[in-house]
Colleague: 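My questions will all concern the structure given below.
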Amino acid sequence: MQGRVITKKFFNRQTCVVAENLIGKYLVRRRGRKIIAAMITEVEAYDGVKDRASHAHKGRTERNKVMFGPAGFWYVYFVYGMHWMLNVVTGDRGYPAAVLIRGVQGVSGPGRVTKFFHINGSFSEKPSAKASGLWIEDRGAAVEKSAIKKITRIGVAYAGPVWSKKKYRFLYDNKS
DNA sequence: ACGATGATGAAC
DNA sequence: TTCATCATCGTA
């Protein structure tokens, strides 16, 4: 099974638009001859320096610099001493934004996603493309907008009353 | 409900 | 160089 590889143009839009449209796409990983693929079911958007929940809020640092670059690159970072988080950079160069991939079909939670796909920090700053071994495909899955729930982000209480309540989490719910 | 576990960034 | 914090998860 294969689909159309998603390219930069898709990612170079407003981060919430990219986030919503990532639901139903497939995350694909190649390791040697083996392919791992699963449909994306949950994501979160992080939108600019103004977003108090975003790593970019405190400005450019060694860790988050890829967020300030062009769209379509991976941002992978380590948290809580044990988990890798997978994000893809969105929007224009100079505008720091990204989408966190929180879940795929059968795998719930961002730390579990990276474990399942064997993703670590070595992917950070690499492009989402076949050449990097990690990319996203459109496999034609039909996802109705009404099946996508927009809810608050997880683990961002530190962002304050306004930014922690933004409905920047997109969850595919085919039970509704 | 809570501890694991270590990189990161800011303060000193 | 020290320290608090952290876009989480497994076990209880």
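Throughout, protein chains are lettered first and strands after them, A, B, ... in sequence-line order, and every chain is numbered starting at 1.
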Colleague: Compare the ring of F78(A) with the six-membered ring in the base of dG6(B) and state whether they stack (centres under 5.5 Å, planes under 30°).
Modeller: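 Stacking is absent between dG6(B) and F78(A), given that the ring centres and planes do not meet under 5.5 Å and under 30°.
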
Colleague: Under a 3.5 Å cut-off for both contacts, is dA10(B) paired Watson-Crick or G-U wobble with anything, and if yes, with which nucleotide?
Modeller: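 Paired with dT2(C).
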
Colleague: Any heavy-atom pair between the side chains of V89(A) and W74(A) that's under 4.5 Å?
Modeller: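 Side-chain contact under 4.5 Å: no.
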
Colleague: Roughly how many Å is it from CD1 in I119(A) to C1' in dA7(C), rounded to a whole number?
Modeller: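 Atom CD1 in I119(A) sits about 16 Å away from atom C1' in dA7(C).
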
Colleague: For DNA chain C, which residues of residues 90-104 of chain A approach it to below 4.0 angstrom with any heavy atom?
Modeller: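 Those residues whose heavy atoms fall under 4.0 Å from DNA chain C, taken from residues 90-104 of chain A in numerical order, are L100(A), R102(A).
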
Colleague: Would you please indicate yes or no on a ring centroid separation below 6.0 angstrom for F73(A) and Y75(A)?
Modeller: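 No - the distance between ring centres of Y75(A) and F73(A) does not fall below the 6.0 Å cut-off.
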
Colleague: What's M82(A) touching, base or sugar-phosphate or nothing? Going by heavy atoms closer than 4.0 Å.
Modeller: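 It contacts base atoms.
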
Colleague: With sugar-phosphate meaning primed atoms plus P, OP1 and OP2, does R153(A) contact a base, only sugar-phosphate, or nothing at under 4.0 Å between heavy atoms?
Modeller: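 Counting heavy atoms under 4.0 Å across all strands, no contact is made by R153(A).
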
Colleague: Let me know the distance between CE of M85(A) and P of dT8(C), rounded to the nearest Å.
Modeller: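 The answer, rounded to whole Å, is 6 Å.
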
Colleague: Expressed in angstrom and rounded to an integer, what is the separation of R60(A) atom CZ from dA10(B) atom C1'?
Modeller: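 Rounding to the nearest Å, CZ of R60(A) and C1' of dA10(B) are 19 Å apart.
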
Colleague: Between F78(A) and W84(A), what is the ring plane arrangement, given parallel below 30°, perpendicular above 60°, and tilted in between?
Modeller: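 Rings of F78(A) and W84(A): tilted, as their planes differ by 30° to 60°.
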
Colleague: Return no unless some side-chain N or O of R112(A) is found under 4.0 Å from OP1 or OP2 of dC9(C).
Modeller: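 No, R112(A) has no side-chain N/O under 4.0 Å of OP1/OP2 on dC9(C).
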
Colleague: Distance criterion of 3.5 Å, no angle test: do you see the side chain of Y77(A) paired donor-to-acceptor with the base of dA7(C)?
Modeller: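 A donor-acceptor contact between them is present.
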
Colleague: Both distances below 3.5 Å, Watson-Crick or wobble geometry, any strand: find the nucleotide opposite dT5(B).
Modeller: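 For dT5(B), the partner nucleotide comes out as none, under the 3.5 Å rule.
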
Colleague: Take atom CD of E62(A) and atom P of dG9(B), then tell me their distance rounded to the nearest Å.
Modeller: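 These atoms are roughly 8 Å apart.
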
Colleague: Using whole Å, what does the distance between atom P of nucleotide dC6(C) and atom CZ of R63(A) come to?
Modeller: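 Value for this atom pair: 11 Å.
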
Colleague: For N64(A) and dA10(B), give me the distance from atom CG to atom P, rounded to whole Å.
Modeller: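 Interatomic distance, CG of N64(A) to P of dA10(B): 9 Å.
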
Colleague: Tell me whether the side-chain N/O atoms of Y158(A) come closer than 4.0 Å to OP1 or OP2 in dA7(C).
Modeller: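 Checking Y158(A) against dA7(C): at least one side-chain N or O falls below 4.0 Å of OP1 or OP2.
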
Colleague: Evaluate the side-chain hydrogen bond (donor to acceptor under 3.5 Å, both in side chains) criterion for residues Y26(A) and D138(A): first the C-alpha distance (whole Å), next the side-chain angles of each, then the deciding distance (0.1 Å), finally the verdict.
Modeller: CA-CA 6 Å; Y26(A) 278 73; D138(A) 184 345; over 6 Å; no

Colleague: Identify whether NZ of Lys or CZ of Arg in K126(A) sits under 6.0 Å from the centre of the six-membered ring of F123(A) and within 45° of that ring's axis.
Modeller: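 Yes, K126(A) and F123(A) form such a contact.
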
Colleague: Rounded to whole angstrom units, what separation is found between the OH atom of Y80(A) and the P atom of dA4(B)?
Modeller: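 Spelled out: OH on Y80(A) to P on dA4(B) is 16 Å.
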
Colleague: Between the side chain of K25(A) and the main-chain N/O of N21(A), is any donor-acceptor distance below 3.5 Å?
Modeller: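 Checked: pair present.
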
Colleague: I need the CH2-P distance between W84(A) and dT8(C), as an integer number of Å.
Modeller: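 From W84(A) CH2 to dT8(C) P: 15 Å.
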
Colleague: Is there a donor-acceptor contact under 3.5 Å from the side chain of N64(A) to the main chain of T61(A)?
Modeller: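 A pair under 3.5 Å: yes.
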
